[in-house]
Asker: 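Take a look at this one; I'll ask things after.
Throughout, a chain's letter reflects where its sequence line sits, starting with A, and its residues are numbered from 1.
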2 protein chains.
Amino acid sequence: MNEAFSIGSTATGPLYKAVQHEIVKSLMQGEWKPGEAIPSEVRLAKRYQVSIGTLRKAIDDMVTANILIRHQGRGTFVATHNHTRQLYHFFHIVGTDGIKRYPDIELKSFIRGRASTHVSRSLMVSRNAEIFRIVNVVTLSGAPIAVDEITLPRGLFPGLTRGIVQQRDTTMYGLYQTRYAINVVHTQERLRARGAPVRSAALLGLSEHDPILEIERTACTYNEQPVEFRVSHVNTRNHDYLNDLM
Amino acid sequence: MNEAFSIGSTATGPLYKAVQHEIVKSLMQGEWKPGEAIPSEVRLAKRYQVSIGTLRKAIDDMVTANILIRHQGRGTFVATHNHTRQLYHFFHIVGTDGIKRYPDIELKSFIRGRASTHVSRSLMVSRNAEIFRIVNVVTLSGAPIAVDEITLPRGLFPGLTRGIVQQRDTTMYGLYQTRYAINVVHTQERLRARGAPVRSAALLGLSEHDPILEIERTACTYNEQPVEFRVSHVNTRNHDYLNDLM
DNA sequence: AAGTGGTCTAGACCACCAT
DNA sequence: TGGTGGTCTAGACCACTTA
């Protein structure tokens with residue numbers, strides 16, 4: 001990478017968008033890793049040959065998208081999927097009291113398989129593509145609250161094993177991030193109420209057909225590329241799914 | 001209102017925040033009404049005695065909050081709750097095909113009453129405060145999809161009648177906006193699956209205890225002041241609740 | 001004290017829209 | 001053509017963190 005790299009003369013849109021694209025490129029190539037600080041604003045402004053204002057505007061968007069985090073006096077950091085911070089906001093389940101507690105995750109199964117039609121559409125892979133299927137049980141203060149069935153394209157997660165998933169000390173998204181440099185920055189969810197399917201009911205201690213909340217989530221990385229498909233079955237008897245909108 | 005109004009010398013935080021506060025004040029006082037353009041950026045910059053950059057920064061936040069809308073070459077406008085645009089994104093129900101259609105609303109009941117404990121907490125009014133209670137049935141392409149039970153503090157909506165609600169030609173939020181100058185800019189929702197309560201089941205053509213999606217929503221205006229509490233019961237057999245997160 | 005991000009200025013020019 | 005928002009610059013100074 002050229003330290004004095006001039007962009008924008010290609011003239012395809014605003015300069016700060018081009019800068020943004022360069023920064024995303026560096027993130028994808030792992031030049032700056034999650035948790036690390038990226039170079040200071042003045043340094044980056046010099047590197048891309050733009051003014052400090054333009055550079056800041058490029059970063060602004062990525063900060064609101066929770067990809068970068070600014071700390072006054074310290075620097076600008078690549079967001080992590082730590083338990084305690086930031087992108088962890090993809091977890092929405094709270095107790096009826098409204099307080100967010102952090103869940104415990106127990107791995108129930110880990111298998112190799114092929115993508116169903118439904119899954120393949122969401123992951124934008126071909127039908128019968130090779131996938132991993134992971135089932136987790138989510139418990140909050142001792143009680144099982146949700147069952148997550150996670151589907152990952154094997155191509156994006158080479159060498160993933162049951163042991164790796166089991167021994168991780170972060171969230172799943174933290175695992176994608178640290179081990180595969182895959183950064184989940186966007187999710188799309190579809191929610192519906194339905195009767196509990198047998199397997200989930202059993203794991204949650206419910207009767208079949210008890211009402212549960214089903215959440216289908218597609219998680220995407222930088223260029224809207226899907227990296228995970230997840231179906232969650234949530235027992236909302238004592239918990240709610242919280243959604244803040246502006 | 002002083003045309004050359006200097007702010008910020010009070011020195012309580014960033015200048016652009018103070019400007020923002022002034023703009024919100026003008027919005028609340030109805031100086032600029034929904035759908036209208038606010039004065040141009042240069043004009044506002046002069047009025048508040050700040051640079052154009054600072055003025056733009058003040059507006060930036062309000063644009064991302066969907067309170068103002070910029071149109072290059074035309075001006076900056078106060079957002080409206082029109083069917084076709086903008087703040088209508090508080091409606092999340094889509095068909096299983098993922099396409100968003102606009103619902104028809106039928107008023108089922110309109111009564112005066114007193115706030116329950118639960119409602120009073122959400123609306124931040126005293127227990128037994130005077131309220132309106134409105135029940136709507138939402139239909140999508142002919143089929144009843146949801147029942148909305150809306151609670152409004154009577155103090156904020158003086159003179160509201162069944163007829164006014166029935167004859168409106170906008171959404172409820174459009175009504176609040178045009179008739180009471182109340183702008184809903186933020187909602188907080190809690191979702192859960194449960195068995196359909198008798199009344200909703202009847203209106204939706206379901207059996208009692210069929211699984212439905214229950215949504216409790218508190219809608220707020222500018223200073224996080226709650227203005228509406230709403231419980232929706234949604235039949236998610238053929239429809240989903242869509243949620244995009246970044 | 002040195003380095004970082006946060007605010008603010010006073011311009012310039014461009015892209016778009018109405019007339 | 002004139003007015004609007006959109007981009008971009010090249011600085012200045014402030015607030016905060018770390019050493």
Side-chain angles (χ1 to χ4, degrees), chain A residues 4-23 26-27 32 35-79 85-86, chain B residues 4-23 26-27 32 35-79 85-86:
Chain A
F5 183 78
S6 188
I7 46 185
S9 33
T10 52
T12 55
L15 185 50
Y16 74 90
K17 285 285 178 193
V19 172
Q20 226 171 73
H21 190 263
E22 288 300 314
I23 293 174
S26 288
L27 286 170
W32 312 307
E36 287 180 11
I38 68 175
S40 77
E41 294 179 344
V42 271
R43 230 179 286 273
L44 286 174
K46 275 181 189 143
R47 164 160 164 180
Y48 300 125
Q49 301 281 156
V50 297
S51 79
I52 185 74
T54 301
L55 191 279
R56 275 184 65 81
K57 189 158 187 181
I59 290 185
D60 279 343
D61 288 6
M62 309 183 63
V63 168
T64 60
N66 287 300
I67 297 170
L68 297 177
I69 303 166
R70 288 204 180 101
H71 287 293
Q72 188 176 36
R74 294 208 283 136
T76 303
F77 298 79
V78 184
R85 287 272 342 119
Q86 296 310 332
Chain B
F5 183 79
S6 188
I7 44 185
S9 33
T10 51
T12 55
L15 186 49
Y16 74 90
K17 285 286 180 194
V19 172
Q20 228 172 73
H21 190 264
E22 288 300 314
I23 294 175
S26 288
L27 285 171
W32 313 307
E36 286 179 12
I38 67 175
S40 78
E41 295 179 344
V42 271
R43 230 178 286 272
L44 286 174
K46 276 180 190 144
R47 164 160 164 179
Y48 300 126
Q49 301 280 157
V50 298
S51 80
I52 185 72
T54 301
L55 191 278
R56 276 184 64 80
K57 188 157 188 183
I59 291 187
D60 278 343
D61 287 7
M62 310 183 62
V63 168
T64 61
N66 287 300
I67 297 170
L68 296 176
I69 304 166
R70 287 205 180 100
H71 287 293
Q72 187 175 38
R74 295 207 282 133
T76 303
F77 297 79
V78 184
R85 289 255 1 105
Q86 297 311 331

Asker: Please confirm whether the shortest side-chain N or O distance from B:Arg74 to OP1 or OP2 of D:dG5 is below 4.0 Å.
Answerer: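 Looking at the OP1 and OP2 atoms of D:dG5, neither is under 4.0 Å from any side-chain N or O of B:Arg74.
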Asker: Is there side-chain contact between A:Ile59 and A:Ile38, with heavy atoms separated by less than 4.5 Å?
Answerer: yes
Asker: Rounded to the Å, how far apart are B:Ile52 CD1 and D:dG3 P?
Answerer: 15 Å
Asker: Could you pull out the closest heavy-atom pair between A:Arg56 and A:Arg70, with the gap in Å?
Answerer: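 Closest approach of A:Arg56 to A:Arg70: O-NH2, 3.3 Å.
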Asker: With a strict under 4.0 Å distance from non-hydrogen atoms of chain A, what nucleotide opens and what nucleotide closes the contacted stretch of DNA chain C, reading 5' to 3'?
Answerer: C:dG3 to C:dT7
Asker: Ignoring hydrogens, what is the shortest heavy-atom contact between B:Asn66 and B:Ala79? Give both atom names and the distance.
Answerer: O-CB, 3.2 Å
Asker: What's the shortest heavy-atom distance between A:Trp32 and A:Ser26, and which atoms?
Answerer: CZ3-CB, 3.3 Å
Asker: Grab the CD1-P distance between B:Ile59 and D:dG5 for me, whole Å please.
Answerer: 7 Å
Asker: Could you check A:Gly73 against A:Leu55 and say which one's nearest nucleotide on DNA chain D is further toward the 5' end?
Answerer: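 Mapping each residue to its closest nucleotide by heavy atoms, the 5'-most match is A:Leu55.
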Asker: Taking atom P of D:dG5 as reference, at what distance in whole Å does atom CE of B:Met62 sit?
Answerer: 14 Å
Asker: Please give, in whole Å, the distance from D:dT17 C1' to A:Phe77 CZ?
Answerer: 10 Å
Asker: Quickly work out the A:Gln72 CD to D:dC16 P distance and round it to whole Å.
Answerer: 6 Å
Asker: Less than 4.5 Å apart, side chain to side chain, heavy atoms only: is that true for A:Val63 and A:Ile69?
Answerer: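 Result no, sub-4.5 Å side-chain heavy-atom pair not found.
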Asker: Looking only at heavy atoms, which two atoms of A:Leu55 and A:Ala45 are closest? And how far apart?
Answerer: CG-N, 3.8 Å
